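The structure appears right after this line, and notes come after that.
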Amino acid sequence: MTKQIQRVTGMQDVLPDERRYWDAITAAAESLARRFGFQRIDLPIIEFEELFVRGVGQGSDFFVQKEMYTLAEADGSRITLRPEFTAGFMRAYIQNGLSNWTPPVKLYTIGPSFRRERPQAGRLRQHSQFNAEIMGEDDPAADVEVMMLAMSLYRELGFKGLTFQLNSTGCPVCKPGYIEKLVAYLDQHRDRLAAIDKERLTKNPLRVLDSKEPGMAELLADAPQIADHLCDDCQEHFADVRGLLDALDQTYTINFRLVRGIDYYTKTVFEVWQEGIGAQAALCGGGRYDGLAEDIGGPATPGVGFGSGIERIVLGMKEQGVEPPAAPPPPVYLAHFGGATKTAAAQLAFRLRAAGIGARVAFARRGRSLKSQMREADHHGARFVLIIGEDELAQGLVTVRPLAGGEQTRVPLADLVPWLQEQTAGGRPPTAA
RNA sequence: GCGGGUGUGGUGUAGGGGUUAACACGUCUGGUUGUGGCCCAGAAGAUCAUGGGUUCAAGUCCCAUCACUCGCCCCA
């Protein structure tokens with residue numbers, strides 16, 4: 001036997017049972033996004049490597065170098081499976097001249113992204129995100145609006161007890177000064193740092209803040225905090241965001257250890273955590289990225305947005321006990337006895353579907369017992385089995401057997417569509433007794 | 001890239017050196033000649049992840065590889 005081919009590491013098959021969750025999530029996300037005035041766009045999954053190198057490269061060259069799926073083209077150009085969304089958003093915004101639209105431009109998308117990481121709970125090499133961005137707007141109210149879009153999604157899906165993790169990461173005016181102070185403090189306590197944190201201290205000092213090493217909580221409690229070192233502009237922005245959240249009765253935790261590895265983030269950063277779904281507990285991560293547009297060669301453009309991982313929302317729904325409804329199965333099953341009755345069943349099935357009535361037809365290469373067809377109908381949750389035999393065919397009618405109880409009757413072919421429409425109008429799910 | 005755990009029919013499990021690998025669910029068939037669920041009877045389906053080794057004898061012990069999984073790094 002030849003070797004069986006299997007899934008590529010870190011990829012996932014989303015089977016129907018699981019897909020129910022995805023349907024619920026994307027339906028709620030799209031509906032909400034529209035209510036908020038966001039429009040959907042779809043972006044290429046592949047971009048030039050350069051976009052990500054420049055967009056997310058500085059200060060977080062780790063995944064740029066080691067985690068991107070990059071291919072060399074015959075002409076020497078290098079293209080990359082997108083490892084994140086925001087850079088692509090901004091590229092499209094600039095390239096298509098969306099800056100000339102009446103601001104603010106509010107866009108969302110849903111799709112996969114790729115990172116060559118070691119998979120673990122809540123983290124895959126291919127993962128899907130609901131992503132929403134507001135570009136061309138520096139009003140703190142925009143920050144709060146994307147936060148509310150994320151939170152509304154979770155609420156609408158049935159999540160309870162979620163709160164925001166919130167911080168400000170400053171801006172080019174105040175962030176460097178803060179980092180200096182932080183580094184000075186940590187340097188003073190070098191002996192209390194783990195090897196990994198010493199490394200971070202030189203490479204990306206802010207990351208030391210979300211270190212998971214033991215003892216860091218105590219050490220960091222006395223460290224300089226960004227909130228005390230924001231410039232006036234950032235200070236005011238942060239205060240406005242908090243004020244609006246208060247006015248909207250949103251609970252949030254100011255978390256000075258919440259940071260972003262990517263450099264283009266400025267001012268607001270936020271996440272929403274769901275306990276119990278593993279070490280990767282952030283349902284979403286977002287914030288303001290006023291520095292990105294210039295990084296990738298565009299005009300200075302403020303932006304704020306978030307990404308929420310669909311797979312993590314699914315984990316969260318399971319953790320919270322949220323059950324998405326299954327799509328109702330076709331109410332009608334057509335059984336037959338082969339030959340002319342099989343043809344008639346196929347014809348009738350197409351008529352029913354055209355009339356908006358879901359129908360399955362029995363498949364049978366050769367003859368098949370009615371018993372096995374009935375079993376199949378029941379298994380698939382049909383409410384009515386239409387039996388088409390030689391007798392029925394000759395008389396121009398079908399035998400209708402209701403599976404949930406009730407009288408078996410015969411209905412003339414001509415009357416069948418309205419009859420079934422009336423029977424299935426209630427939209428009751430079939431009783432699977 | 002580093003560390004821990006786990007690999008037995010489609011799924012979930014039992015079996016922890018000794019003849020034909022067990023159970024549940026699922027699947028299929030039959031119990032009516034044209035009638036589902038529940039029930040009953042039966043059937044199919046596993047070279048026990050792969051490759052080495054130890055042993056008279058290996059799902060069972062050892063090693064390696066691979067896969068999955070959890071965590072670190074990093075992040076949705």
Side-chain angles (χ1 to χ4, degrees), chain A residues 1 3-12 15 17 56 59-68 82-86 110-131 150 194-197 199-200 203-204 207 210-213 259-262 271-274 277-286 305-316 333 335-338 341 362 367-392 399-405 408 430-433:
Chain A
M1 192 151 84
K3 192 181 157 217
Q4 180 183 311
I5 298 175
Q6 31 186 355
R7 221 183 300 134
V8 172
T9 296
M11 307 290 145
Q12 205 181 30
L15 303 182
D17 260 356
V56 303
S60 68
D61 49 74
F62 179 84
F63 82 72
V64 169
Q65 283 171 13
K66 306 183 102 174
E67 300 197 337
M68 297 204 309
R82 64 181 174 203
E84 58 112 36
F85 286 74
T86 310
I110 299 173
S113 69
F114 303 83
R115 239 130 118 156
R116 205 182 166 292
E117 309 175 277
R118 274 310 280 277
Q120 69 185 75
R123 188 171 60 198
L124 296 156
R125 290 186 173 182
Q126 173 178 340
H127 87 276
S128 291
Q129 268 186 36
F130 167 50
N131 226 265
I196 176 72
D197 287 322
E199 198 183 323
R200 281 195 273 230
K203 278 190 174 169
N204 194 348
R207 288 240 74 99
D210 67 352
S211 168
K212 289 168 185 163
E213 297 298 322
V259 294
R260 286 280 105 95
I262 302 172
E271 295 185 356
V272 176
W273 296 345
Q274 169 67 56
I277 63 172
Q280 313 303 321
L283 291 177
C284 68
F306 73 92
S308 189
I310 310 281
E311 294 85 352
R312 286 194 193 169
I313 302 177
V314 171
L315 291 175
Y333 183 95
H336 57 78
F337 299 92
T341 64
R368 186 171 161 193
S369 72
L370 182 58
K371 184 194 191 88
S372 87
Q373 296 183 64
M374 293 291 292
R375 271 189 184 151
E376 185 179 311
D378 185 66
H379 175 83
H380 289 302
R383 295 168 57 194
F384 301 97
V385 176
L386 308 191
I387 302 169
I388 303 160
E390 299 291 349
D391 295 358
E392 286 87 348
T399 296
V400 180
R401 162 95 195 197
L403 288 187
Q408 178 164 318
T431 44

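Since this is a predicted model, take the numbers as computed values, not measurements.
Going from atom CZ of A/Arg375 over to atom P of B/rU35 covers 12 Å, rounded to whole Å. Note: CZ (A/Phe337) to P (B/rU35) measures 8 Å, nearest angstrom. Atom CG in A/Asn131 sits roughly 10 Å away from atom P in B/rA76 (whole-Å rounding). Atom CD1 of A/Ile277 and atom C1' of B/rU69 are 16 Å apart (whole Å). A straight line from CD of A/Gln12 to C1' of B/rA76 spans 13 Å, rounded to a whole angstrom. Rounded to a whole Å, the CE atom of A/Met374 is 15 Å from the P atom of B/rU32. For the pair A/Glu376 CD and B/rG36 C1', the computed distance is 11 Å after rounding to whole Å. Straight-line distance from the NZ atom of A/Lys212 to the P atom of B/rC70: 14 Å, rounded to whole Å.
Within the 4.5 Å cutoff, the side chain of A/Asp378 has no heavy atoms near those of the A/Met374 side chain.
When the nearest nucleotides of RNA chain B are assigned to A/Gly405 and A/His379 by heavy-atom distance, the more 5′-ward of the two goes with A/His379.
Taking atom C1' in both B/rU11 and B/rG45, the straight-line distance is 13 Å, to the nearest Å. With P as the reference atom, B/rG7 and B/rA43 are 30 Å apart, rounded to whole Å. Taking atom P in both B/rG10 and B/rG5, one finds a spacing of 27 Å when rounded to whole Å. Spacing of P atoms, B/rU29 relative to B/rG37, comes out at 12 Å, to the nearest Å. For the C1' atoms, the distance linking B/rG59 with B/rU50 amounts to 14 Å, nearest Å. Comparing the P positions of B/rG26 and B/rC72 gives an interatomic distance of 39 Å, to the nearest angstrom. On the C1' atoms, B/rG31 is 36 Å away from B/rU19, given to the nearest whole Å. Spacing of C1' atoms, B/rG17 relative to B/rG12, comes out at 26 Å, to the nearest Å.
Using the Watson-Crick or G-U wobble rule with both distances under 3.5 Å, B/rU11 pairs with B/rA24. With a 3.5 Å ceiling on both atom-pair distances, the Watson-Crick or G-U wobble partner of B/rG18 is B/rC56. As the counterpart of B/rC2, B/rG71 is assigned, both hydrogen-bonding distances of the Watson-Crick or G-U wobble pattern falling under 3.5 Å. Using the Watson-Crick or G-U wobble rule with both distances under 3.5 Å, B/rC38 pairs with nothing in any strand shown.
Judged by distance alone, with hydrogens and angles left aside, the side-chain atoms of A/Arg368 form no donor-acceptor pair with the main-chain N or O of A/Ala335 at under 3.5 Å. Looking only at distances, no side-chain donor or acceptor of A/Arg125 sits under 3.5 Å from a matching main-chain atom of A/Val8.
Taking side-chain N and O atoms only, A/Gln120 has a distance below 4.0 Å to OP1 or OP2 of B/rC72. The phosphate of B/rU35 has neither OP1 nor OP2 within less than 4.0 Å of any side-chain N or O from A/Ser369. Remark: A/Lys371 is not in phosphate contact with B/rG30, judged by side-chain N or O atoms under 4.0 Å from OP1 or OP2.
Salt bridge A/Glu213/A/Arg200: absent, no basic N to carboxylate O contact under 4.0 Å.
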Please evaluate residues A/Leu315 and A/Gln274 with respect to the criterion side-chain contact (heavy atoms from CB on, under 4.5 Å), reporting the C-alpha separation (whole Å), side-chain torsions for both, the decisive distance (0.1 Å), and the verdict.
CA-CA 9 Å; A/Leu315 291 175; A/Gln274 169 67 56; over 6 Å; no
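Of the listed nucleotides (B/rA67, B/rC72, B/rG34), B/rC72 has the atom at the smallest distance from the side chain of A/Ala279. Side-chain atoms of A/Asp378 lie closest to B/rG37 of the nucleotides B/rC74, B/rA76, B/rG37. With distances taken from any side-chain atom of A/Arg200 to the nucleotides B/rC74, B/rC68, B/rG36, the minimum falls on B/rC74. When each of B/rA76, B/rU29, B/rU35 is scored by its nearest atom to the side-chain atoms of A/Arg312, the top-ranked nucleotide is B/rA76. Side-chain atoms of A/Ala282 lie closest to B/rA76 of the nucleotides B/rU35, B/rA76, B/rG71. The side chain of A/His127 lies closest to B/rA76 when the candidates are B/rU35, B/rG36, B/rA76. Among the nucleotides B/rG30, B/rC72, B/rA76, the one closest to any side-chain atom of A/Arg260 is B/rA76. For A/Asp391, the side-chain atoms get nearest to B/rG34 when compared with the rest of B/rU29, B/rG34, B/rG36. Residue A/Thr399 places its side chain closer to B/rU35 than to any other of B/rG37, B/rU35, B/rU29.
Rounding to the nearest 0.5 Å gives a distance of 9.5 Å between CD of A/Gln129 and CD1 of A/Ile313.
Nucleotide B/rG59 carries a syn base; the chi torsion (O4'-C1'-N9-C4 or O4'-C1'-N1-C2) is within 90° of 0. Applying the 90° criterion around 0 to the glycosidic angle, B/rG16 comes out syn.
In this model, no donor atom of one side chain and acceptor atom of the other lie less than 3.5 Å apart for A/Ser113 and A/Glu84.
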Return the polar atom pairs (N/O with N/O) between nucleotides 1-10 of chain B and the protein under 3.5 Å, or none.
from  : atom 1 : to       : atom 2 : distance (Å)
B/rC2 : N4     : A/Arg118 : NH1    : 2.9

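If you run side chain to side chain donor-acceptor pair (under 3.5 Å) between A/Tyr333 and each of A/Arg401, A/Glu376, A/Gln373, only A/Glu376 comes through.
At a cut-off of 3.5 angstrom, counting only N and O atoms as typed in the model, there is a donor on one side and an acceptor on the other between the side-chain of A/Glu392 and the base of B/rG34.
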